[in-house]
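Every number for a ligand or one of its atoms is a count from 1 in the order of the listing.
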Amino acid sequence: MKVLCANPPWWIEDPDAIYGSGLLAGVRAGSRWPFTSAVRSKPGQYRFGDYIPYPFFLGSAAAYLERETDATVAFRDSIALREDYDAFFKYLKKSRFDYIVIESASPSWPHDAELIDHIAKEFRGLRVVVAGPIATLGEKLLAEHPLHAVIQGEYEKGLVRVVGGESGLLPHDLLTEAELNAAPYPYFDPLHANKYWDSNPKGQVFPQLQVLTSRGCPFRCIFCVWPSVMSNNDPDGTGVRRVRQLSGDYLEGMLTELVGRYGFKSVYFDDDTFNLGDRHVLEVCGVMARLGLPWSAMCRADTVSWDTWRVMRESGCFGVKIGFESGNQWVVDNIVRKNLNLEKARDVVYRLKSLGMTVHGTFTVGLPGETPEQMADTRRYRASLPLDSFQESGTAEIEGSPLSTLRRAGSLEHYAGASLEGYVAERDGTRKMRLVALRDAGLGEAALCLRHGRPAVAESICRNLLEAGGEDAPVLDMLGTIAVRARKFDLAVRFFSRAVAADAALAAPCLHLGFLLRDQGLTEEAAACLRRALSLDPDCLEARQALLALGADPEDGEAPDAKAQASLAKSLAAVPVTSWGRTLRRAMDAADAPSRPADPEAAARAAAGGSPRLIVLDHGLRFLAGHHFAYDLGVLMECMKREMPVEFYVYADCQPEAVKVLRARAVLQPSRYASHSSDKYCSWLEDFLIAGSIAEFNLFKNLRADLDPSDIVFCHTADPKIVRGIAAWYLAMDKAKRPHLCLKFQNHCFRFVAKDQLALARSIFRLALKPFVNEPKVCFAASNRLIGSQIKQMAEKPCPVFPVPLQLEVPARPFRTRAEKGTVRIGYAGEGRLEQGVGFLPEIVEAILPAYPDVVFEVQFACRFVDDDTLERLRSFGDRVVVHESCFVGEDFHRLVASFDALLLPYQPTSYVERSSQIVIEAIALGVPLIVPVGTSLALEVKHFDCGYSLIRGYDGLSVIEAVAHFIDNHDVLARKSAEAAPRCAAFHCGKTLIDLLLASCGVPVPGTPRREG
Ligand code: SF4
């Protein structure tokens, strides 16, 4: 006999999702009020961070059945595994079960009923057993669906009876407290154990064990399901409700075994009400103190003494969830019937906070008989509490609760204030929320969330409002704004377009759409939108200025009539969608602008004989996100300012957008091959020879016929690999026709050469440089002093350090003390490569956060190099670690760096001995202190500008932790030094200094040039 205890998949498509995967996912067994929501995971692709509750009754029934019968019992939680339907059905087909047990409740039942019909059709012979709150419907279920049995209440014993041959309706038959304390431990296996996660209350540590220490609750809240239908049979709230608690001994055995087997690092007790009486809680505290794991629990505010709260804290309890339900005392007393004094509950929350615990509050709106003003009271009350997090759900009506009895019977004896008048019945809490949401308050809250960096919450509120109120233009407009923030420009266009269509008189979406279309290069459509915004709001300065910048006449507007509205909607429907970033588009706009402010000196030079043409070679440019692009853009901007002609030749496979913005010729291909040798020296030599040949070929092909002796060829990423090819190309030219040539070295590429062959590699490089040494029109430069001095030594020719042409539109950080800030934000930004120390991050965060309560971390990974485990661990720290998995460009990137109180760069020292890192320069110029590895070019740079820094003295987690702690302990001194160093750095690292130095090195004198000798 084979029995499957299943929590099947539950996915719903959601094409308009901004955050999340474009799908809604449901949680069913394990959640008291099943619901659907946007999640990070996708079908077949588990991603850490979604709320996934352990299916307590299903897991216990599986373990119990296995012990009590000869059946072969399997457990499959497709919700936790994020399994798709196909995989689930394949599993059913392969495993050939005799029974499948599914726990369901009202919110999931429409989906589950369809699924069950499908299973019955496709898997003949598989007997379907249904349990859970939906079993309250009893015979009705059996009559309407192909079910073998329906078990009411907790179903350990019922399942044993079904496997023993019973079928049909099995009424409540619960384990006694003694049986519960002798039952096998809930089912866990390696496939599922580390998938469950509830991020609240804050402070959770992954992997998290979710278990119950009791079943049932003596209170009778009107909406509450499990105490009325699973652990008791009291759907109208009039009976006696029993509570069964696990003994300390049983609990200690269970936790020790499960923690020992699966390595859980925290425990969450998700009882109906964990803290029912001091005795039980103190017993659990004793167990947890011995176990030594941090823990949290679902509690009431008024069921234990103050001393017990204190013992909870001392035994490792870091946080609790507390149910308030409503912020209106009359509602709490007469509708919910919770027997809770809200003033006393508030006092408890303050006292828990004084113990250093986190508190998550739970609230519900849309109760039967509740007025909008009473719902507003809930928001006001909530705002008066020092909560770390909260949830506000629509009151879901679930079969088996007193609430569902009320609707069926029309009234409930003990719930005096509960009334069906104006009551909206809904079984899904998320949907109910949408139906009762207070639009204006919701919109205000969404705006607040957006301002405070919680766009996903803002999205969720807006979508609730949308479902409740239909096509609401301001809500759609805000969703468009959220989509722009998320860089989902296609969705933003859709939302703004829908807002325009929903309200012909609203200017804001027209304006936003205009900006978006302008940024995407759709000038005509943008102008149409901006004109419309201006005609609706003649005082809209932004629309007027944007039209002028587009070269469009602001006065050429159209009247805001229905015809114009229709034509605009039509033209928008045809808008193609691209994903241009704003910064890039601005750069393109600037490049396309017909007239630019001229540098008077440059104008004079141009008048006296014309500016030289600058030809930039960059074989390192790949992505918009990288620093090569920022560098080239800086050169482009400065040249445009000086009216100096500039051309770019870049790597052939680089992102087309980068080619377009720079108007580059994408031809250089020196890295487009793989060296064959596994020997480090030989592969370096292969690089040297092949890359050189390709560079030579490209230069001949593209530049030979097109050069003038006054041109300056600037190779700003020269390295040994291509220098030989450049020499061959340059020296083959007629002497009189040779242009100026500046080779700027970023690194010497010797880090891949074995130590004993380093001298040989250096000799080869020296030979490659030799032909240039006596060339009068060839100069050298370096990206930092170390490389500069090495090249100078090898070539016996000056090699000054050239600045980075930073385009800083974000002001540098002013000095503020740690006390003034309140929160210290440690940032990490970059591609997230292993050599950039990304693997240390969880360990660092884990050590620093408990020691420094005022510290938070913010990490950005521009590319998806970081592994899932690291990401999961980082996300497990909740609000104290903000993770961005997206690429920030230009101004956005600078704004991100400038928001950090320190930038942490735990780079591998051996990889960065001489190699430069532009982010260091950006951080110094923005006044941000740095935490960098000792003995690297990064350390040299921070010392040179004398900014605030902390040195990492070894390449291990502990050294990084010490360096971070050193920074925090010395925050004020280091922050002040960085604020003072910022202008010095910004003055050197700018486009003007770079081009001045380049011209001077090539023999075009520029007065007052700053110079840093290599
Ligand atoms: S106190 Fe909590 S668990 Fe008990 S009935 Fe009320 S909501 Fe349910």
For Ala62 and Tyr187, work out which heavy atoms get closest and say how close. CB-CB, 4.2 Å

Could you tell me if Arg427 sits above the aromatic ring of Trp109, with its cationic atom closer than 6.0 Å to the ring centre and no more than 45 degrees from the axis? no

Selection residues 277-289 - residue pairs positive for salt bridge (Lys or Arg N to Asp or Glu O under 4.0 Å), sequence neighbours left out: Arg279-Glu283

Parallel, tilted or perpendicular: ring planes of Tyr196 versus Tyr54, cut at 30 and 60 degrees: perpendicular

Is the distance between the ring centroids of Trp11 and His111 less than 6.0 Å? no

Listing by chain and number, what protein N/O/S atoms are under 2.8 Å from atom 4 (Fe) of ligand 1? Cys217 SG

Taking the six-membered ring of Phe219 (Phe, Tyr or Trp), confirm whether the NZ or CZ of Arg300 is under 6.0 Å from its centre and within 45° of its axis. yes

